[in-house]
Amino acid sequence: MKAAGREVTIVMVEDDEGHARLIEKNVRRAGVNNEIVPFTSGNAALDYILGADRTGDNIQGRYMLILLDLNLPDMSGIDILEKVKSNAHAKRLPVVILTTTDDEREIQRCYDLGANVYITKPVDYESFANAIRQLGLFFSVMQIP
């Protein structure tokens, strides 16, 4: 997956190790070989995405796709989404929400804040694996601005 001829880094913000492994396995199975940088906390992910100073100046010339869980130990994924989408340098980064939350208001809020895709993790393993396989196929044809 490339943007403007450059490799896209997949930033995965997921605190459940089993889900993280499943996501990576199925993204790879779909033929997406981009670097996946995993984070289990929101603050560490924001440091990487926006820089420790949170200005986003570090993004220049970098392309990222963010996979974001909403339920993290140190902050809400909604907070991360708001910070990314309100930053002038990061607002065009595609964000895919991957979470167990299926509340309609929460889903709408994520889209209102600029999420590109919202996927509810099915509770049973096989349905979740299938959703992630479909996500991997989506990545393989997706264009990143």
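Checked against side-chain hydrogen bond (donor to acceptor under 3.5 Å, both in side chains), Glu35 has no partners two or more places apart in sequence or in another chain. A search for side chain to side chain contact (heavy atoms under 4.5 Å, CB included) contacts involving Asn58 returns Arg62, not counting sequence neighbours. Take Asp103 and apply the salt bridge (Lys or Arg N to Asp or Glu O under 4.0 Å) test, not counting sequence neighbours, and it matches Arg105. By the side-chain hydrogen bond (donor to acceptor under 3.5 Å, both in side chains) test, Thr55 pairs with Asp53, Asp57, sequence neighbours left out. Partners of Gln108 by side-chain hydrogen bond (donor to acceptor under 3.5 Å, both in side chains), not counting sequence neighbours, listed by chain and number: Asp112.
Put simply, the side chain of Asn34 does not reach to within 4.5 Å of the side chain of Leu65, judged on heavy atoms. The shortest side-chain heavy-atom distance between Ile49 and Lys83 does not fall under the 4.5 Å cut-off.
Between the side chain of Lys91 and the main chain of Ser86, no donor-acceptor pair closer than 3.5 Å is present. Side-chain atoms of Arg92 never come within 3.5 Å of backbone atoms of Lys85 as a donor-acceptor pair (strictly under, hydrogens ignored).
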Report task. List the steps and the verdict of side chain to side chain contact (heavy atoms under 4.5 Å, CB included) for Ile59 and Met64. Result -> CA-CA 9 Å; Ile59 292 177; Met64 290 180 264; 4.0 Å; yes
Requested in this report: With salt bridge (charged side-chain N to carboxylate O under 4.0 Å, His left out) as the test, would you mind laying out the steps for Glu14 and Arg21 before giving the verdict?
Outcome: CA-CA 10 Å; Glu14 171 62 70; Arg21 280 195 311 266; over 6 Å; no
Query raised in the report: Going through the distances and angles, do Ile119 and Leu98 end up as a side chain to side chain contact (heavy atoms under 4.5 Å, CB included)?
Result: CA-CA 5 Å; Ile119 297 174; Leu98 279 168; 3.7 Å; yes
Would you give me the side-chain donor-acceptor pairs under 3.5 Å for residues 37-45, sequence neighbours excluded?
| from | atom 1 | to | atom 2 | distance (Å) |
| --- | --- | --- | --- | --- |
| Ser41 | OG | Ala44 | N | 3.3 |
| Asn43 | OD1 | Arg54 | NH2 | 3.2 |
| Asn43 | ND2 | Asp74 | OD2 | 3.1 |

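When Thr99, Thr101, Thr120 are each tested for a side chain to side chain contact (heavy atoms under 4.5 Å, CB included) with Glu106, only one passes: Thr101.
What you find for Leu81 and Cys110 is that their closest heavy atoms are CD2-O, 3.6 Å.
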